[in-house]
Structure formats: structure tokens, C-alpha cells
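Residue numbers begin at 1 in each chain, while the letters A, B, ... track the order of the sequences. The basis for the numbers below is simple: all heavy atoms, side chains too, and nothing from hydrogens, waters or symmetry mates.
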Amino acid sequence: MAQKPSIPKGTRDFSPTEVAKRNYIFSTVKAVFETYGFQPIETPSFENSATLMGKYGEEGDRLIFKILNSGDYLKKVDDALLIAKESLKITPRISEKALRYDLTVPFARYVVQHQNEIVFPFKRYQMQPVWRADRPQKGRFREFYQCDADVVGSKGLWQEIEFVQLYDAVFTKLKLEGTTVKLNNRKILAGIAEIIGAKEKLIDFTVALDKLDKIGEEGVVNEMISKGISKEAISKIQPLFNFTGTNQQKINQLATLLASSEEGTTGVEELRFVVDNIEALGLQTATLSIDVTLARGLNYYTGAIYEVSAPKTVQMSSIGGGGRYDDLTGIFGLKNVSGVGISFGLDRIYLVLEELNLFDEVELPTPKVLFVNFGDKEAAYCMKALQKLRSKNIKSELYPSNVKLKKQLNYANQRGIPFVVMVGSSEVENKNYTIKNMQLGTQEVCGLEEIIKMVSTL
RNA sequence: GUGGUUGUAGCUCAGCUGGUUAGAGCGCCGGAUUGUGGUUCCGGAGGUCGCCGGUUCGAACCCGGUCUUCCACCCCA
């Protein structure tokens with residue numbers, strides 16, 4: 001009995017057309033990364049659990065796919081734990097490996113492990129799949145690709161400026177116009193928290209603020225109050241709830257608001273430097289926008305925070321994000337290595353390009369010529385011609401078996417092969433070929449050189 | 001993790017308040033046309049109605065569970 005095959009929740013198969021489109025995005029991103037001086041590395045799909053666990057907060061830990069140990073893994077577990085059914089305590093004993101959750105933490109691990117071979121500042125990019133045990137939704141999968149570029153070993157703000165340009169360059173190349181690069185700085189958020197006396201509640205505070213455009217001012221205020229932030233404190237940051245104007249106006253407002261916070265003022269100065277320079281250099285198709293509500297869940301960011309949103313016409317939230325982390329390698333024992341990086345969400349970019357019909361120039365690797373198979377003698381003659389064509393990098397093939405001509409032509413038709421070469425006994429005898437143009441329906445007898453010429457003009 | 005939603009042929013979907021052998025279009029295969037495709041005409045194959053269990057004389061339809069789909073929350077690319 002044949003069981004119906006299926007794939008796990010949140011995973012996908014990719015057809016030849018889809019792969020071609022995905023490769024188009026990949027190669028575009030890759031080319032821009034390399035233009036900006038980044039070099040590729042790769043890390044394993046799974047890491048030791050200890051490397052990943054605890055780096056993404058409680059929520060993140062829950063979403064990490066754990067890999068069961070091999071062998072009789074339950075033998076080593078205390079009976080007491082098993083009887084109590086304490087999954088959280090049992091998990092680390094029966095699972096010592098886990099699928100990577102993002103590319104940044106494995107990269108930090110890589111930097112620490114290879115610190116003696118690396119030339120700093122180290123600029124690497126990485127395009128590999130990551131896995132999250134999330135509930136799938138539109139643009140949310142359990143297996144998806146991230147394309148990351150990071151620089152570690154430099155605190156320079158010029159790199160932060162370059163990343164905004166890099167985003168702009170990639171989306172311009174993909175003809176995806178109207179993206180918004182949102183910019184914020186963790187030090188500004190910390191400064192705000194300091195001003196309202198909620199320094200210890202920075203995470204709760206930023207998570208609440210992040211939801212402003214979704215649940216509105218009232219919702220955010222309510223959430224903050226429920227997290228124990230006082231009403232008077234919240235009223236101090238009232239201006240942030242209606243934070244409009246040009247980037248320069250926003251910076252000036254923030255400077256005033258945060259004047260009494262040292263950290264906040266540093267954040268404003270960093271933001272000012274980045275924004276001033278980007279505005280002086282100009283962007284092609286993206287818009288730079290300061291967004292103080294931008295927090296991003298990952299708590300390892302310490303400075304600049306980026307997020308890219310798709311053009312407003314499509315319903316897709318974030319298609320990329322990143323930021324500065326001053327001490328990510330610290331957890332692995334390498335102190336004082338500042339890093340900054342960005343990430344592209346390949347799968348979401350794909351959905352956006354698809355929705356906006358921006359894939360027109362993507363081409364499948366379709367053969368240009370099909371040789372019809374009329375029998376072994378004729379096929380042998382065709383194979384010699386194929387060797388010639390292939391040595392000239394012309395995509396070509398022989399129909400693998402001697403079936404009805406109708407079927408072979410239909411095959412060429414369905415695959416969109418533009419030329420069919422027919423070699424029967426008379427062609428073998430006369431040392432020539434009959435080539436048929438499938439679009440025009442015309443055909444002629446000619447030599448191999450003419451075939452190469454005809455096909456090459458495509 | 002919480003709440004809701006979806007599942008019928010390879011694909012897109014019909015199928016009335018539970019009632020005989022479950023349908024269509026597209027696709028597929030064959031023929032008209034044994035060395036000439038895309039059009040047309042004719043014929044054909046293909047479904048234990050997601051899976052397991054229950055209610056009923058009788059279930060694609062009702063009930064429970066489970067998996068899957070999509071959505072909201074959480075979180076995030």
C-alpha cells in the first residue's frame with residue numbers, strides 16, 4: 001500500500017523554476033556582498049547545544065530544533081527526572097546537538113575558534129539555511145535561508161553607513177524599489193529607559209515600544225503599565241508616540257529628550273553621524289528612516305539597529321535586519337570584539353518579488369537543442385555532434401530512447417527547447433542534419449557549423 | 001506555546017438538510033496522424049473523500065482525536 005508522501009510542516013520543495021528564481025536573488029546578494037569586500041564562510045547545519053542555547057532568550061530556546069542523541073539515550077537519564085516528566089531538565093541529557101537558529105551566533109563561535117587565523121576586521125558573508133520550530137505562517141517557515149554579512153573587530157561607524165548602502169544596492173539591483181531602511185540605536189532605547197527610571201526593564205520596555213504601529217499608543221501604554229512601568233514615567237516620553245518629521249528633526253528632538261542621559265546622548269551622536277553621512281552620500285531607491293520604536297527581539301544588539309521593510313504595497317513585514325553587538329564573542333571567551341552585521345531574508349524577498357512580478361529576467365537552464373533518437377546508429381551519429389556542441393557550452397541533449405517522433409517533439413515543446421535536430425538514415429549517409437525551429441515550425445538541412453551558428457544567436 | 005481555520009483525482013474545485021456505483025475543468029495516456037509538436041476531434045486510466053476512532057439501518061457530510069494548510073497572538077527573516 002503506497003502511503004501518501006509528504007514533507008514536514010513549514011518546509012518546502014523547490015521546482016526548477018523556483019530554484020532559478022531563488023538563485024537569481026542569491027547571486028545578486030552575493031555579488032553585492034563581494035563588491036563591498038566580504039568573503040564567504042560556511043558553518044555546520046547543527047552545533048553543540050551549548051553553543052546555541054541561552055543566546056536567543058527563553059522564547060528562542062523553545063524554538064531551537066534539538067537533535068536526539070544516538071544510541072540508548074534514555075539509559076543515562078536519572079529515573080527521578082523521567083518519572084517527574086521534567087522535559088526541560090531531561091532535554092539537555094538526551095540532546096547534545098541542535099540545528100542552528102541563525103547565522104550570527106555560529107559566526108561568533110567561528111570567530112572565537114579561529115581567532116588566530118583571522119585577519120581583523122573580519123568581513124564575512126554567509127548564505128545558509130536556518131531552522132526554527134515556529135508555527136508557520138505567510139513568509140514564516142521552519143526551514144529558511146538567511147544571507148548575512150558581518151564585520152567584527154571594529155567599532156567604526158563607517159561600516160554602519162556602508163551597510164545601509166549595501167541594503168540599498170541589493171534592493172536596487174533586484175528592482176525592488178520603495179524599500180525603507182529603518183534605523184535606531186540601542187543606546188537611545190537605553191537612554192529613554194534611563195530617563196523614565198526603567199533601566200532594569202529595558203527589554204520589556206523595548207518589546208512594548210516595538211508594537212506601537214500595531215497596537216497603538218494606548219496598547220503600548222497599557223503593556224508598559226502591566227510590566228510595572230509607572231504612568232508618570234511613561235508621560236515623560238509622550239513625544240515618542242507621535243514621532244514624526246524629517247530624520248534631522250527627529251535627531252534634534254531626541255537630543256533634547258535625552259540630554260540628561262549620558263548613554264542616550266552617545267546613541268544620538270552615533271545616529272547623527274550615520275544619518276548625516278548617508279544623507280550626504282545619497283541612496284538609490286531605498287528610504288532611510290529613523291524609527292525609535294524599532295527594538296528587535298534579539299537582546300545582543302548594543303548600538304545601531306537596522307530593519308528593512310518591503311514597499312508599502314505588499315503585505316510583508318521585515319525582509320531584513322541587523323545591528324551592532326559589542327560583545328557577542330564574549331560569551332565564547334573573546335572579549336572586546338565589536339561586531340556589526342545585517343541579514344537578508346531570502347524567502348521573504350522571494351515572496352515580495354513574486355507578488356510584484358519582478359522576476360521577468362530569470363532564465364531556466366533549458367537546453368537549446370534536442371536531438372531526436374531514431375535508433376542506435378543514428379543516436380551514435382548524434383552523440384558526436386553533441387560532443388561538439390557541449391564543448392562550445394551549448395546546452396543540448398539527445399532523447400534517451402527511440403520512441404515515437406510525436407512524443408519526442410512533444411517533449412521538446414513542453415520543455416521549451418527551441419531547436420530539434422532530426423537525424424535519420426539519410427542524414428547519416430549524407431553527413432548532414434535536419435534542424436527544426438520549434439517556434440516558427442520551419443526546418444532545413446544543414447551542417448554542424450550552421451547549427452552552432454543558429455543556436456548561438458539565441 | 002494559545003485561539004481559530006483548512007483538507008474530495010496529478011492540479012483547481014463542485015458535491016443540497018447524512019440516502020444507491022463520488023463529479024467537472026485542466027493535466028496525463030492512447031487513437032485519428034507507424035519520420036513531424038503546439039490546434040481540433042474521439043477514446044481511456046486515475047479517488048478506501050487527510051488519517052484513526054465513534055454515532056447511525058446508512059457518513060465525503062454529524063461527533064472526538066490526530067496530522068496538515070492558512071490566519072491572529074507570542075515571537076520573528
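- Atom-to-atom, OH of A/Y411 to P of B/G35 comes out at 20 Å; the value is rounded to the nearest Å.
- For the pair A/T11 and A/V308, nearest-nucleotide mapping onto RNA chain B gives the more 5' position to A/T11.
- A/K404 comes within contact range of the sugar-phosphate backbone alone, with a heavy-atom separation under 4.0 Å but no base atom that close.
- Taking the six-membered ring for Trp and the full ring otherwise, A/F344 and A/F171 have centroids separated by under 6.0 Å.
- Contact annotation: A/Q137 does not reach the phosphate of B/A77 (side-chain N/O to OP1 or OP2, under 4.0 Å).
- Base engagement by A/G441 is indicated by at least one non-hydrogen atom pair under 4.0 Å involving a base atom.
- Residue contacts shown for A/F141 include a base, since a base heavy atom lies under 4.0 Å away.
- Counting heavy atoms of neighbouring residues, nucleotides and ligands inside a 6.0 Å radius, atom CZ of A/R93 does not exceed 12 of them.
- Listed nucleotides: B/C70, B/G37, B/G35. Nearest to the side chain of A/M438: B/G37.
- A/K436 has its NZ atom 10 Å from the P atom of B/U36, to the nearest Å.
- Taking the six-membered ring where tryptophan is involved, the planes of A/Y306 and A/Y167 are perpendicular, since the angle between them exceeds 60° and thus also 30°.
- B/A77 and B/U39: their C1' atoms are spaced 47 Å apart (whole Å).
- A cation-pi arrangement is not found for A/R124 relative to A/F38, the charged atom failing to lie both closer than 6.0 Å to the ring centre and inside a 45° cone about the ring normal.
- Residues A/Y145 and A/F26 place their aromatic rings such that the two centres sit under 6.0 Å apart.
- Put simply, A/K9 has a side-chain N or O that comes within less than 4.0 Å of OP1 or OP2 on B/U68.
- Looking at heavy-atom distances under 4.0 Å, A/L405 makes contact with a base.
- Rounded to whole angstrom, the span from the CG atom of A/N410 across to the P atom of B/C29 amounts to 7 Å.
- In this structure, A/G10 reaches the sugar-phosphate backbone alone: every heavy-atom distance under 4.0 Å involves primed, P, OP1 or OP2 atoms, never a base.
- Here A/K211 reaches the OP1 or OP2 of B/C75: one of its side-chain N or O atoms lies under 4.0 Å away.
- Atom name C1', nucleotides B/G31 and B/U12: the rounded distance is 28 Å, in whole Å.
- Comparing the same atom, C1', in B/G18 and in B/G10 gives a spacing of 30 Å after rounding to whole Å.
- Spacing between atom CZ of A/R142 and atom C1' of B/U69 amounts to 13 Å, rounded to whole angstrom units.
- As rounded to the nearest Å, B/A9 and B/G23 have C1' atoms that lie 10 Å from one another.
- Contact between the side-chain N/O atoms of A/Q443 and the OP1/OP2 oxygens of B/U36 is not found at any separation under 4.0 Å.
- Under the Watson-Crick and G-U wobble criteria, each requiring two contacts below 3.5 Å, nucleotide B/A24 is paired to B/U12.
- Under the 6.0 Å distance and 45° angle rule, A/R132 counts as a cation-pi partner of A/Y101.
- At whole-Å resolution of the value, CG in A/N413 and P in B/C28 are 11 Å apart.
- Using a 4.0 Å heavy-atom criterion, one finds that A/S309 contacts no nucleic acid atom at all.
- Remark: P of B/G38 and NZ of A/K407 are 14 Å apart, rounded to the nearest angstrom.
- Here the P atom of nucleotide B/C75 and the CG atom of A/D210 are 9 Å apart, to the nearest Å.
- Relative orientation of the A/F33 and A/Y125 rings is tilted, given thresholds of 30° and 60° on the angle between their planes.
- Atom C1' of B/A60 sits at a distance of 33 Å from the matching atom of B/C42, rounded to the whole Å.
- Rounded to whole angstrom, the span from the CG atom of A/L63 across to the P atom of B/G1 amounts to 10 Å.
- Nucleotides B/U20 and B/C73 place their P atoms 44 Å apart, quoted to the nearest Å.
- Interface remark: the A/R348 side chain does form a donor-acceptor pair with the B/C76 base, using a distance-only criterion of under 3.5 Å.
- With distances taken from any side-chain atom of A/K406 to the nucleotides B/G37, B/G1, B/C70, the minimum falls on B/G37.
- By the 5.5 Å and 30° criteria, A/F144 is stacked with the base of B/A77.
- With hydrogens and angles left out, the side chain of A/R135 and the base of B/G3 share a donor-acceptor pair within 3.5 Å.
- Comparing the C1' positions of B/U8 and B/C75 gives an interatomic distance of 36 Å, to the nearest angstrom.
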